[in-house]
Amino acid sequence: MTDAADRSRWAERTRMVHAGRDPSEQFGFVNTPIYRGSTVLAPTMEDLLGRTGRFTYGTRGTPTTEALEEAWTELSGAAGSVLVPSGLAAVTLALMSCLKAGDHLLMTDSVYRPTRHFCATVLRNFGVETEYYDPMIGRGIAALIRPNTKVVFTEAPGSQSFEIQDVPGIAEVAHAAGALVIMDNTWATPFFFPPHERGVDIAIEAGTKYLGGHSDLLLGLVSANERAWPKLRETFDAMAPCAGPEDVFLALRGMRTMFLRLKEAERQALDMAHWFAGRPEVKRVLHPAFPSCPGHEFWKRDFKGSSGLFSVILEPAPEKAVAAMLDGLKLFGMGYSWGGFESLVIPFDCASYRTATAWAPGGAALRFQIGFEDTADLKADLEQGFARLRAAC
Ligand SMILES: *Cc1c(COP(=O)(O)O)cnc(C)c1O
């Protein structure tokens, strides 16, 4: 195993290959295998009662979970990480670790919708008040911070609507007022947005997306800086939302190629987004690398790349025409989640649930996940889709 000083000099993709891996502990095998286990035996009564072993019980970690946690902590530039069974569980654990009855939570209006549901149900029942804010508020968040504001929750880009937030600006203001900043960093991953370097205290990654990379697992990762880590670890240990060993193994395997897949997803998505921008049926492209995306200037300043997910707003068309377009697509599946090898599309409408900002883009909104198909084939499929759309208008 290399030491930390070596690794800190390496580029990200070198660390991606080496982090959390010690073949000398696995009889020379390159990868840490799947350890399944609840019970861990202690050699003596003294060891059992003193919990002297490196591992003590399945819920407290195994060599498999430790391998991914260590790797993620290193790649994220965090003080520590925990693994949970889904991205949503990562969001809820992060929030639970910093909030208690009587606290006030500032939540971006562009947040992943199930996060909103958690705030309206569990957090509300536990006496936490959630207030939504305009994702583009930036340092203006200062005006909303109250003495009992404990967390400012950010997500960049916004789920579906793609606003890029001024996360460092928000973090500076929140920290000055004693609040913590949580960020859902699933879209960029630490490769394109190093969250803790940018002022985020707790970062969430739905490993379901780019770590998995194949639409075949569910996993959440939560990383924290020195300030937030003790409470996060304590809350994880108290609740024990343990990820399954197969999913952890697959996520670790996916992580070894994540940077390469992200770079390819970036190239593919930019190609498609430029193509959409030139189509007469498209009103607007919501891709963080495009000036037409709200917060594009923050993306340019703070991000190192863009991934494979973006949205487009169509020129006004009846719903049945949009359905005719989508229903006949051969290469774009319609379904939730993203980050796999295959292209996907979903129609969406944020208008019914946003509360701090209006969503009125002036046309049907579609979110695209671009996979690894040849983009000429994807464009041909969409051209036929646009022909069906026009025919049904
Ligand atoms: C998918 C997603 C999640 C939730 O991940 P699951 O593993 O599906 O629960 C959280 N945040 C964002 C931004 C996501 O896209």
Side-chain angles (χ1 to χ4, degrees), residues 1-8 15-86 89-90 92-100 126 180 196 201-205 207 211 217-253 255-256:
M1 181 104 149
T2 50
D3 64 32
D6 274 344
R7 294 203 300 273
S8 67
R15 280 189 271 141
M16 176 184 79
V17 169
H18 283 273
R21 207 159 59 74
D22 186 355
S24 71
E25 292 207 343
Q26 311 302 337
F27 306 98
F29 284 94
V30 169
N31 292 297
T32 306
I34 299 174
Y35 280 81
R36 300 193 57 87
S38 50
T39 303
V40 180
L41 301 176
T44 66
M45 188 172 103
E46 189 187 340
D47 286 309
L48 181 83
L49 297 179
R51 295 179 168 267
T52 59
R54 180 158 154 219
F55 299 99
T56 53
Y57 189 62
T59 58
R60 310 289 290 227
T62 68
T64 314
T65 59
E66 191 186 80
L68 181 55
E69 281 171 4
E70 279 185 16
W72 196 249
T73 296
E74 187 174 330
L75 294 176
S76 305
S81 304
V82 293
L83 312 176
V84 294
S86 70
T92 61
L93 180 75
L95 285 166
M96 297 285 269
S97 76
C98 332
L99 292 164
K100 61 176 189 327
F126 279 80
L180 291 172
H196 304 298
D201 299 290
I202 302 185
I204 284 139
E205 185 75 29
L211 273 104
L217 66 86
L218 291 160
L219 192 78
L221 304 93
V222 194
S223 61
N225 62 12
E226 292 288 351
R227 180 174 172 207
W229 170 241
K231 271 286 179 202
L232 177 65
R233 181 77 228 184
E234 179 188 277
T235 310
F236 178 89
D237 288 340
M239 294 171 64
C242 311
E246 278 83 6
D247 289 337
V248 172
F249 176 84
L250 285 173
L252 192 52
R253 177 193 232 260
M255 192 205 72
R256 302 295 176 201

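Values below: all heavy atoms of this structure, side chains included; hydrogens, waters and symmetry mates excluded.
- Across every non-hydrogen atom of Ala89 and Thr92, the tightest pair is O-OG1, 3.1 Å.
- Considering CG of Leu250 and CG of Leu211, their distance stands at 11.0 Å, rounded to 0.5 Å.
- Among all heavy-atom pairs drawn from Tyr57 and Val40, the shortest one is N-CG2, 3.8 Å.
- For Glu226, the CD atom sits in a loose shell: 12 or fewer heavy atoms of surrounding residues, nucleotides or ligands are nearer than 6.0 Å.
- We find the CD-OH distance between Gln26 and Tyr35 to be 4.0 Å, quoted to the nearest 0.5 Å.
- The shortest heavy-atom contact between Ala94 and Ile202 is CB-CG2, 3.8 Å.
- Atom OG1 of Thr32 is separated from atom CG of Leu252 by 6.5 Å, given to the nearest 0.5 angstrom.
- Side-chain atoms of Glu25 and Pro63, non-hydrogen and from C-beta on, never get closer than 4.5 Å to each other.
- Atom CZ of Arg256 sits in a crowded spot, with more than 12 heavy atoms from other residues, nucleotides or ligands closer than 6.0 Å.
- Between Trp229 and Gly80, the shortest heavy-atom contact is CZ3-C, 3.3 Å.
- The shortest side-chain heavy-atom distance between Cys98 and Lys231 does not fall under the 4.5 Å cut-off.
- The two atoms that bring Gly220 and Ala90 nearest to each other are CA-CB, 4.0 Å, heavy atoms only.
- Going from atom CZ of Arg227 over to atom CG of Leu180 covers 4.5 Å, rounded to the nearest 0.5 Å.
- In this structure, the separation between CD on Glu246 and OG1 on Thr64 is 9.0 Å, given to the nearest 0.5 Å.
- The shortest side-chain heavy-atom distance between Thr52 and Thr44 does not fall under the 4.5 Å cut-off.
- Residue His196 comes nearest to Asp201 through the heavy atom pair CE1-O, 3.5 Å, listed as atom of the first residue, atom of the second, then distance.
- In this structure a side-chain-to-backbone donor-acceptor pair under 3.5 Å is missing from Thr65 to Gly61.
- Atom CD of Glu234 and atom CE of Met239 lie 12.0 Å apart (nearest 0.5 Å).
- No donor-acceptor pair closer than 3.5 Å links the side chain of Ser86 to the backbone N or O of Leu218.
- Considering only heavy atoms from C-beta on, Leu68 comes within 4.5 Å of Met255 through its side chain.
- Other residues, nucleotides and ligands contribute only 12 or fewer heavy atoms inside 6.0 Å of the CZ atom of Arg51.
- Inter-residue side-chain proximity for Pro241 and Val84 is flagged as met; some heavy-atom pair is nearer than 4.5 Å.
- Distance alone, capped at 3.5 Å, is enough to place a donor-acceptor pair between the Thr73 side chain and the Glu69 backbone.
- By the 4.5 Å heavy-atom criterion applied to side chains, Val248 and Thr62 are not counted as neighbours.
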